[in-house]
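We use all heavy atoms of the structure for the numbers below, so side chains are in, but hydrogens, waters and symmetry mates are not. Naming convention: chains lettered A, B, ... in sequence-line order (proteins, then strands); numbering from 1 in each chain.
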Amino acid sequence: MAEELKDTLNLPVTDFPMRAGLAEREPVRIAHWERHGLYGQIQARAAGKPAFVLHDGPPFTNGDVHIGTALNKLLKDAILRYKSMRGFRTPYVPGWDCHGLPIEHKVMKELQARKQSLDALGVRKACAEFSAAYIEKQRGQFKRLGILADWASEYRTMDPAYEGEILGGFASFVEQGLVYRSKKPVYWSIPCQTALAEAEIEYKDKRSHSVWVAFPVADPAAKQLAPAHPLSVVIWTTTPWTLPANLAIAVHPELEYVEVRHGERSFLVASALREAFVAACALDGAVDGFKVKGRALEGLQPRHPFIDRASPVVLADYVTTDAGTGCVHTAPGHGIEDYQTGNKYGFEPYCPVRDDGTYADDGKVPAALVGITVLETDGKNPANIAVLELLKSKGALLKAQSFEHSYPHCWRSKTPVVFRALDQWFVGLDRGDLRKKALAAVGDVKWIPASGENRIRAALEGRPDWCISRQRAWGVPIPAFYSPSTGESYLDAGVVRHVAQQVATRGGDWWWAASVEEVLAGAPIPAAWPKDLRKGTDTLDVWIDSGSSHLAVCAKHKDLHWPADLYLEGSDQHRGWFQSSLWTAIAVKGSAPYRAVLTHGFVVNEKRQKISKSDGKPQTADDYVKKYGADIVRLWVASENYQSDIPLSDAIFETISNQYRSMRNSLRYQLGNLYDFDASKHAVAVDQLSPVDRWVLIETAKLIREVTDACERNEFHRAAAALAGFTTATLSATYHNVVKDRLYTTAPDDPLRRSTQTALDLVLRAYLKLIAPFVPFTADEAWSHLHAKTEYVDSTNVHLQDWPAIDARWEDAAGQAAHAAVTRIQALAAQVNVPMERLRQEKKIGQSLEAAVVVTGDAADADFALLTAHQALLTELWIVSSVQLKPQAGAALAFQVDKADGVRCPRSWRWVPALVEAGRFGMVSPRCREALLAKYSQL
RNA sequence: GGUCGCGUAGCUCAGUUGGUUAGAGCACCGCCUUGAUAAGGCGGGGGUCGAUGGUUCAAGUCCAUCCGCGACCA
């Protein structure tokens, strides 16, 4: 009998599964989308509409897609899907950053492991293959995340046409006189005879000499110093071999320095380091003399201990009192800080060390040192030993001792590297007012968040001239020429342009493969150039590569426009891509390449620390996609406030998974209850909808407003929070819960049931569109079930819909009134629930339907009046069997809950005073009898 | 060390121009339900709003300093 009655209910029917199985289902849906050319359909649908160009920052092609890279791409994808639903054309051309040292480094390591060595062309070929292989991998991983893009048009910085654009842009730099050649210290590997980049350095512990060296001051009175004895400024260094290149001594302007008297000599050191100095050099019985601020020492002229020149005192903020004497040996040709200080004071980056590591005979290096190598083998450094000898003979060496410290080593030869000034190419950022123009352009861009503007400004203002040459093979060649006899360099815009054209068709390899004659054939060679020239072997800094993408992509692709509407990358790109793109755009086009720049933070672990390999946690996007599915990863991205750090942990993914399940369950409920609903036949007019249905439509309107507002502000986590709240509170706990009774127990065509189905249908359609940018797989899956009761449908796709609109009729006066009433009655439910819960804990009732409610209150009380006016709604909204209103003058509103009297209807489970006969269905409540009669016409 | 940013319940986030006992969802505990069921409902516990000091009648909300974390520099 009970089974039979259950069969008379209109229970939900749907094939939309509760269990998502995202890891298995999503790839099938991707294939479905690709088969239908979803990206193309989306573009075609918006043909003629204004374009929203989000220009893709190219990920580096040297590994699997990192979870942070995935976050970036998913934010872009969500924005584009949203914008397309808002009526924009959203062409999206993804890119790949292919050149650069990390790839060359990896490739060289592999070659080394196989004991192979290759020339530049061979290395380039291996790098190109490496890069291409990772493009394939990454593209697959991006597609798996549900990224929709014009993959056929993707740009790659190693493509000949792209390389041609880079060089074309570079030609404009040269033409405007922005490019110059100058010396700058770089890491140098002596055995490899090559410059190294940061990534090619390994830090290892090393035992070095540390020495205290006295620089005699001939004329202390020039700075109003009155030492008791002949004065020396004392420096401390761990690289004695750089002393021949010493050009200055740096002191901190704010530090205090003190005269230390010992024997017949006076020494000048920082007061804070006086004790350490006296102890290290065993100056027993030393006494202090005058004290002086570092600032006052500027311009003092100590003499170099073994070369006949002055080593003037200069000021530098980086001088510390951690170690040494507070007087820092400064060799602008052997250190970056030294170089910068040297620049400030007009010293050349003097470097008497040749490529092979030996001292040059330049007329300044003492004869005793010429030809001696600075390369350390077996812990012995011939240059250090020779320099120490020299210092001793001059009486300048106060102390030498061993010193253990971490020191950079060449990753290939494993020998200590040296810092050595080499000729490099630079872009002069203040030439042609480039910096001024760039700073001005910053003001025309919308920075999101606004603090990004300060960051880019600081980066632009603080940046020294841009060193754009790299002594590497895997990159775009710098089309410069050199005279073998004089070493003079030759760079000309016309020639660069000629090379650019050739490279655009032949590829960068051509530069290496062709002879000088071939390279210059047909080029407009300046008359002043000598006949005898060789090609340069340097490549361009890869930031020029990616920084030229707006020229090579936005300005070229027919669907796009220049400048782009939006750049969206991690906040580290203020010093990277945002900046390099701005420089190239200012130089070539005179304005910024983007209208707006949106930045996000970095993925961190539960301790808010950067995700690192030592965590032992998975770091690639695929790890998470395989475990949770792309929609979960996407929902995580949407839920986080990406403007600061973005935490990632198993606990967070569990929470997100729960939220997802909640959404999915609501979808299943709605789809299941719409199985026999056809809007064209059954829809109820808005003004005829029941109050609770009008209520949910207004709630939906509020949701649409909230999500839309959040999306317009790019604050997707607010959208996600609003959707989560709507799902659990508005739908699951309230609307779906309340409306179950009428959906299940009334006759299929009951106006009340059709009213609710009408609302459910409207809510579901809006809801699916709202979640589509964030969980596109699930949204489209449900959309298929809604339209065709099947998993895949060819005729329609949620991503081809317009963003949901609010029907003005939902919010008319009657709707507002119904909404207000239902909202208040719902709020009062909390007061019913408390006493009801007490009965339940006492095991007196179970389901809320077993309860009968009595409300007492003054008839004039606003709430009591409201309940009286809407008495018909109360049992349904509170999900109880009866509600009795007892007006009582002067009484406060009170809710009393008891176990319901009467009998329980076996069909509706409601308690009624008495059951009635319903033929073959037995005894049921009067209301159920009517429903059965309506459904079966015969009982 | 410098610049910028962040720091509200176990987790993810709200807290508008300073103003009632600091909120939501998830998680947790208890009860109910088994006709949304690898679901659902109800009730409950839980926060000295990073710390300290200050401005104010009133501060999570403004100011200062410090601590922690991150990014970029050095």
**Q** Assign Asn658(A) to base, sugar-phosphate, or nothing according to its heavy-atom contacts below 4.0 angstrom with the strands shown.
**A** sugar-phosphate

**Q** Between the protein and nucleotides 60-63 of chain B, list the N/O to N/O atom pairs that are separated by less than 3.5 angstrom.
**A**
none

**Q** So what does Ile652(A) touch, heavy atoms closer than 4.0 Å: a base, only the sugar-phosphate, or nothing?
**A** sugar-phosphate

**Q** Does G41(B) have OP1 or OP2 under 4.0 Å away from a side-chain N or O of Ser732(A)?
**A** yes

**Q** OP1 or OP2 of C26(B) less than 4.0 angstrom from a side-chain nitrogen or oxygen of Tyr660(A), does that happen here?
**A** no

**Q** Just the table, please: protein N/O against nucleotides 42-45 of chain B N/O, every pair under 3.5 Å.
**A**
| residue | atom | partner | partner atom | Å |
| --- | --- | --- | --- | --- |
| C42(B) | O3' | Asn833(A) | ND2 | 3.3 |
| C42(B) | O2' | Glu837(A) | OE1 | 3.3 |
| C42(B) | O2 | Glu837(A) | OE1 | 3.2 |

**Q** Could you please name the partner base of U3(B), counting Watson-Crick and G-U wobble pairs only when both distances are under 3.5 Å?
**A** A71(B)

**Q** Please enumerate all residues that pass side chain to side chain contact (heavy atoms under 4.5 Å, CB included) together with Ile704(A), with sequence neighbours excluded.
**A** Thr700(A), Thr708(A), Ala766(A), Leu770(A), Pro804(A), Ile806(A), Trp810(A)

**Q** Rounded to whole Å, please give me the gap between CD1 in Ile646(A) and P in G5(B).
**A** 17 Å

**Q** Side chain of Arg718(A), heavy atoms from C-beta onward: which of A14(B), G5(B), A36(B) has the nearest atom to it?
**A** A14(B)

**Q** Should the ring pair Tyr669(A) and His736(A) be called parallel, tilted or perpendicular, given that the plane angle runs from 0 to 90° and is split at 30 and 60?
**A** parallel

**Q** Of the nucleotides U37(B), A36(B), C6(B), which one has an atom closest to the side chain of Lys740(A)?
**A** A36(B)

**Q** Could you check whether Gly672(A) gets within reach of a base, just the sugar-phosphate, or nothing at all, counting any heavy atom under 4.0 Å?
**A** nothing

**Q** With the side chain of Met18(A) defined as its heavy atoms from C-beta on, choose the nearest nucleotide among A38(B), C13(B), A71(B).
**A** A38(B)

**Q** Scan every strand shown for a Watson-Crick or G-U wobble partner of U12(B), both distances under 3.5 Å, and answer none if you come up empty.
**A** A24(B)

**Q** With both distances under 3.5 Å as the test, what is the Watson-Crick or G-U wobble partner of A64(B)?
**A** U52(B)

**Q** Quick one: which of Arg910(A), Arg753(A), Arg907(A) gives a salt bridge (charged side-chain N to carboxylate O under 4.0 Å, His left out) with Asp741(A)?
**A** Arg910(A)

**Q** Nearest to the side chain of Ser571(A), heavy atoms from C-beta on, is which of G35(B), A71(B), C26(B)?
**A** A71(B)

